[in-house]
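Protein chains get the first letters and strands the later ones, always in sequence-line order, with residue 1 at the start of each.
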Number of protein chains: 2
Amino acid sequence: MDSLGETIRKLREEKELPLRTVAAFLDIDQAILSKIERGQRNANREQVVKLAEFFKIKENELLVSWLSDKLVYEVADEDMALKALQVAEEKVKYNKSKRK
Amino acid sequence: MDSLGETIRKLREEKELPLRTVAAFLDIDQAILSKIERGQRNANREQVVKLAEFFKIKENELLVSWLSDKLVYEVADEDMALKALQVAEEKVKYNKSKRK
DNA sequence: TGTATTTTTGACAAATTCATTCAAAATAGA
DNA sequence: TCTATTTTGAATGAATTTGTCAAAAATACA
């Protein structure tokens, strides 16, 4: 149940790399990466894709992790969070079938 | 499977009220309400609560509709949309159990 | 038709949020 | 302690959101 931040921090620490190295690859300030790892900032799509490339993990897995983090953030503190997520699922399924 | 906008437009038309009337109750310009009804603008929490009050419907139902709209919007155009919603659900459940 | 009413649109401004940079402070390890 | 790394927060600028307003478009209906 790791967040994107926790996931990439673990990966980075496994390889014993400083923030600097990964940040350079992403072409961002290391302060930003530090914040992303601790969930204080949102990564953008491009950064997630590059992170997957850097750590050689499946891009889609990391994208799901990133997207779901954003969703959780969106409904945080709402009593109706779970219900809203379930209804959103229905809506997405409905839209999908409608588009065919 | 109605969006918040569709829901409140139907309610307003049932009662044959002009945008003006509902907008006045919400204390917003009728242009904004027009856009909310057609999904071009997001309502805020306060407006949703007032709309429920105005139309005398359950506040929670309208909040779920509003929240789920935002979630759908967030994952729109993403292939991983459904998966992300499911993972987000797991995360919310996990956080809930953890907070106890 | 013509007229009144309602709805939609888009330009604009204000307010708010968001991302980024930077340097200093805190932390960790030898 | 010395050094490298990480975290923090203030400052800035960019981007997004929010609302106002007036005109245009659509609608209703005599």
Side-chain angles (χ1 to χ4, degrees), chain A residues 2-52 54-55 62-63 65-78 84, chain B residues 2-52 54-55 62-63 65-78 84:
Chain A
D2 279 355
S3 66
L4 173 77
E6 287 164 344
T7 302
I8 62 175
R9 166 145 297 189
K10 280 181 186 168
L11 286 166
R12 184 174 63 79
E13 288 178 342
E14 271 172 25
K15 306 198 168 172
E16 297 187 2
L17 298 171
L19 287 169
R20 180 168 29 82
T21 308
V22 183
F25 183 82
L26 301 184
D27 195 26
I28 59 176
D29 192 285
Q30 63 170 17
I32 296 176
L33 183 57
S34 167
K35 285 165 187 169
I36 290 174
E37 286 188 350
R38 278 165 312 103
Q40 286 184 11
R41 275 275 187 279
N42 252 322
N44 61 39
R45 209 177 194 291
E46 184 196 346
Q47 288 159 353
V48 175
V49 169
K50 279 195 176 176
L51 283 165
F54 185 87
F55 289 117
L62 217 52
L63 282 172
S65 178
W66 167 69
L67 266 178
S68 61
D69 278 359
K70 290 207 295 180
L71 294 174
V72 170
Y73 178 80
E74 188 88 39
V75 295
D77 315 319
E78 289 282 355
Chain B
D2 279 355
S3 66
L4 173 78
E6 288 164 343
T7 302
I8 62 175
R9 167 146 297 190
K10 280 180 188 169
L11 286 167
R12 183 173 64 78
E13 289 177 342
E14 270 172 25
K15 308 199 167 173
E16 298 187 3
L17 297 171
L19 286 169
R20 182 167 29 84
T21 308
V22 183
F25 184 82
L26 300 184
D27 195 24
I28 59 176
D29 193 285
Q30 63 170 20
I32 296 176
L33 184 56
S34 168
K35 285 165 187 168
I36 290 174
E37 285 188 349
R38 279 165 311 105
Q40 285 183 12
R41 274 278 207 290
N42 251 321
N44 62 37
R45 208 178 194 291
E46 184 196 345
Q47 288 159 353
V48 175
V49 169
K50 279 195 177 177
L51 283 165
F54 185 87
F55 290 116
L62 217 53
L63 282 172
S65 179
W66 167 68
L67 266 178
S68 61
D69 278 359
K70 290 207 296 181
L71 293 173
V72 169
Y73 179 80
E74 187 88 39
V75 295
D77 316 319
E78 289 282 354

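Residues of residues 5-12 of chain A that place a heavy atom closer than 4.0 Å to DNA chain D, in numerical order, are A:Arg9, A:Arg12. Near DNA chain C, meaning a heavy atom under 4.0 Å away, the residues from residues 27-43 of chain B are B:Gln30, B:Ala31, B:Ser34, B:Lys35, B:Arg38, B:Gln40.
Pairs engaging residues 14-32 of chain A under the side-chain hydrogen bond (donor to acceptor under 3.5 Å, both in side chains) rule: none recorded [sequence neighbours left out].
In plain terms, the two heavy atoms of A:Gln47 and A:Ala43 that are nearest each other are OE1-CA, 3.3 Å. In terms of heavy atoms, A:Phe55 sits closest to A:Ile8 at CZ-O, 4.0 Å. Residues A:Leu62 and A:Ala52 share a closest heavy-atom pair of CD2-N, 3.6 Å. Summarising the geometry of B:Ser3 relative to B:Asp69, their closest heavy-atom pair is CB-OD2, 3.5 Å, with the distance given to 0.1 Å.
Residue B:Glu37 holds its CD atom at 4.0 Å from CZ of B:Arg9, rounded to the nearest 0.5 Å. For the atom pair CD1 (A:Ile28) and CZ (A:Arg41), the distance works out to 11.5 Å, reported to the nearest 0.5 Å. For the atom pair CG (A:Leu11) and CG (A:Leu51), the distance works out to 9.0 Å, reported to the nearest 0.5 Å. One finds the CH2 atom of B:Trp66 at 11.0 Å from the CD1 atom of B:Ile36 (value rounded to the nearest 0.5 Å).
The span of DNA chain D lying next to chain B, judged by atoms under 4.0 Å from heavy atoms, is bounded 5' to 3' by D:dT18 to D:dC21. In 5' to 3' order, the nucleotides of DNA chain C bounding all contacts with chain B (an atom under 4.0 Å from a heavy atom) are C:dT6 to C:dG10.
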Step-by-step side chain to side chain contact (heavy atoms under 4.5 Å, CB included) determination, A:Glu46 to A:Leu26: CA-CA 9 Å; A:Glu46 184 196 346; A:Leu26 301 184; over 6 Å; no

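With a 4.5 Å cut-off on side-chain heavy atoms, A:Arg45 and A:Leu63 count as touching.
Considering only residues two or more places apart in sequence or on other chains, B:Gln40 meets the side-chain hydrogen bond (donor to acceptor under 3.5 Å, both in side chains) condition with none of them.
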